[in-house]
2 protein chains.
Amino acid sequence: MSNLKVLPILEADAGDGAVPCCAPLSREPLGVEDSERIAVMFKALGDPVRLRLFSLIASHEGGEACVCDIQDVGVSQPTVSHHLKKLRDAGLVTSERRGTWVYYKVAPPVVAALAGVLDLSS
Amino acid sequence: MSNLKVLPILEADAGDGAVPCCAPLSREPLGVEDSERIAVMFKALGDPVRLRLFSLIASHEGGEACVCDIQDVGVSQPTVSHHLKKLRDAGLVTSERRGTWVYYKVAPPVVAALAGVLDLSS
DNA sequence: CATCAATATTGACAGCCGTCTATGTCGGTG
DNA sequence: CACCGACATAGACGGCTGTCAATATTGATG
């Protein structure tokens, strides 16, 4: 059995605990290119509102959430939309329109990548 | 045996894989307070130069590095110093003066906290 | 004490970022 | 087609951030 768990969202997607993006932080220093790519993800999570939005999406039933479910974070609706766009541009979430509503969910490869950076692969 | 590894730096420090700071991102939404505290860490890692500096410290022999060992990241010396201060203010690293040199190392509780946020505790 | 090497601090400046209001777009409904 | 609700985009604005050159501080060394 696997003692190693990542996000539930990921478990349904792939059984590998492999590092999909780059070397772990603690093994060898990040190259310039890797650091730029990964910093984009950390930067996106580096705002309290965005972190809460991401958390709300990740913890929502089914691993996805409608904007209307998560938009009560203390800022205006356009600001929420702006932050969700940033999360999407950073590759952390994906969005899909279904009728009137837009659903966001955590992008599967991403959290695995972050986990890999923190050295969880072995 | 433990299938679960965190940073080597941490392994020597504590055997627990417990969550030291807050609920994992994927289980329940982060509170306002938690999100602000954790966002500080992500934000500090959200700059390519700081991420490289952190990686250089984490991957350096003994888990610590002198500034002179890691300051070749393409920016001026004051800028390196500025970034190291930011990492320290974010609680990601600690610094210690030994003679002429200043040594930085990864703050043990921190990476465990980040790992906890990404849900690696169970 | 004078000097040097390693690191930190200060001050300045351009550019990015988070926020808002106003407005646009798109789908559903009558 | 007209209207409404959900969400996105545009534009503006104040504040923060990354960078540098210049200077200060701190410890070792002669």
Side-chain angles (χ1 to χ4, degrees), chain A residues 30 32-33 35-57 60 62 64-105, chain B residues 30 32-33 35-57 60 62 64-105:
Chain A
L30 252 38
V32 175
E33 217 171 283
S35 67
E36 284 174 357
R37 187 157 25 87
I38 300 169
V40 168
M41 297 192 283
F42 281 128
K43 189 174 191 175
L45 294 175
D47 178 88
V49 174
R50 277 197 298 268
L51 187 57
R52 279 185 73 203
L53 287 171
F54 184 83
S55 172
L56 283 164
I57 294 167
H60 202 264
E64 66 175 14
C66 168
V67 176
C68 59
D69 290 328
I70 62 177
Q71 70 182 338
D72 194 19
V73 288
V75 294
S76 68
Q77 176 268 318
T79 302
V80 169
S81 192
H82 168 74
H83 283 312
L84 288 173
K85 180 177 167 54
K86 287 237 167 178
L87 288 172
R88 194 170 8 122
D89 288 347
L92 288 167
V93 300
T94 59
S95 66
E96 182 193 356
R97 174 155 222 150
R98 290 209 285 273
T100 306
W101 300 280
V102 175
Y103 289 82
Y104 283 79
K105 63 176 170 182
Chain B
L30 252 37
V32 175
E33 217 171 284
S35 67
E36 283 173 358
R37 187 158 26 84
I38 300 169
V40 169
M41 297 192 283
F42 281 127
K43 189 173 190 174
L45 294 176
D47 178 89
V49 173
R50 278 198 297 270
L51 186 57
R52 279 185 73 200
L53 287 171
F54 184 82
S55 174
L56 283 163
I57 294 167
H60 202 263
E64 66 176 15
C66 168
V67 177
C68 59
D69 290 327
I70 61 177
Q71 68 181 339
D72 193 21
V73 288
V75 293
S76 69
Q77 176 268 320
T79 301
V80 169
S81 192
H82 167 74
H83 283 311
L84 288 172
K85 180 177 167 57
K86 286 236 165 178
L87 286 173
R88 194 173 5 130
D89 289 346
L92 288 167
V93 300
T94 60
S95 66
E96 183 194 355
R97 172 155 224 149
R98 290 207 287 272
T100 306
W101 299 279
V102 177
Y103 289 81
Y104 282 79
K105 64 175 168 182

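Each chain gets a letter, A, B and so on, in the order the sequences are listed, and its residues count up from 1.
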* Asked: Applying salt bridge (charged side-chain N to carboxylate O under 4.0 Å, His left out), which residue pairs with at least one partner in residues 81-93 of chain B are found, sequence neighbours left out?
  -> B:Lys85-B:Asp89
* Scan nucleotides 13-23 of chain D nucleotide by nucleotide, 5' to 3', and note B when protein non-hydrogen atoms come under 4.0 Å of the base, S if they reach only the sugar-phosphate, - if neither. => ----SSBBBB-
* Atom pair distance, as rounded to whole Å: CH2 in A:Trp101 and C1' in D:dA8 -> 17 Å
* Would you please name every residue forming a side-chain contact (heavy atoms from CB on, under 4.5 Å) with B:Cys66, sequence neighbours left out? => B:Cys68, B:Asp69, B:Trp101, B:Tyr103
* Quick one: list whatever passes side-chain contact (heavy atoms from CB on, under 4.5 Å) with B:Ser81, sequence neighbours left out. => B:Gln77
* Please list all pairs passing the salt bridge (charged side-chain N to carboxylate O under 4.0 Å, His left out) test where one or both residues lie in residues 44-53 of chain B, with sequence neighbours left out. => none
* Whole-Å distance separating the NZ atom of B:Lys85 from the C1' atom of C:dT10 -> 12 Å
* To do: Scan nucleotides 25-30 of chain D nucleotide by nucleotide, 5' to 3', and note B when protein non-hydrogen atoms come under 4.0 Å of the base, S if they reach only the sugar-phosphate, - if neither.
  => -BSS--
* Please name all residues satisfying side-chain contact (heavy atoms from CB on, under 4.5 Å) with A:Ser76, sequence neighbours left out, ordered by chain then number. => A:Pro78, A:Thr79
* Structure fact -> With sequence neighbours left out, the residues meeting side-chain contact (heavy atoms from CB on, under 4.5 Å) with B:Thr94 are B:Lys105, B:Ala107
* B:Glu33: what forms a salt bridge (charged side-chain N to carboxylate O under 4.0 Å, His left out) with it, not counting sequence neighbours? -> none
* Would you name the heavy atoms of B:Leu56 and B:Ile70 that are closest together and state the gap between them? => CB-CG2, 3.7 Å
* Asked: Under 4.0 angstrom, heavy atoms only, what part of the nucleic acid is B:Tyr104 near: base, sugar-phosphate, or nothing?
  -> sugar-phosphate
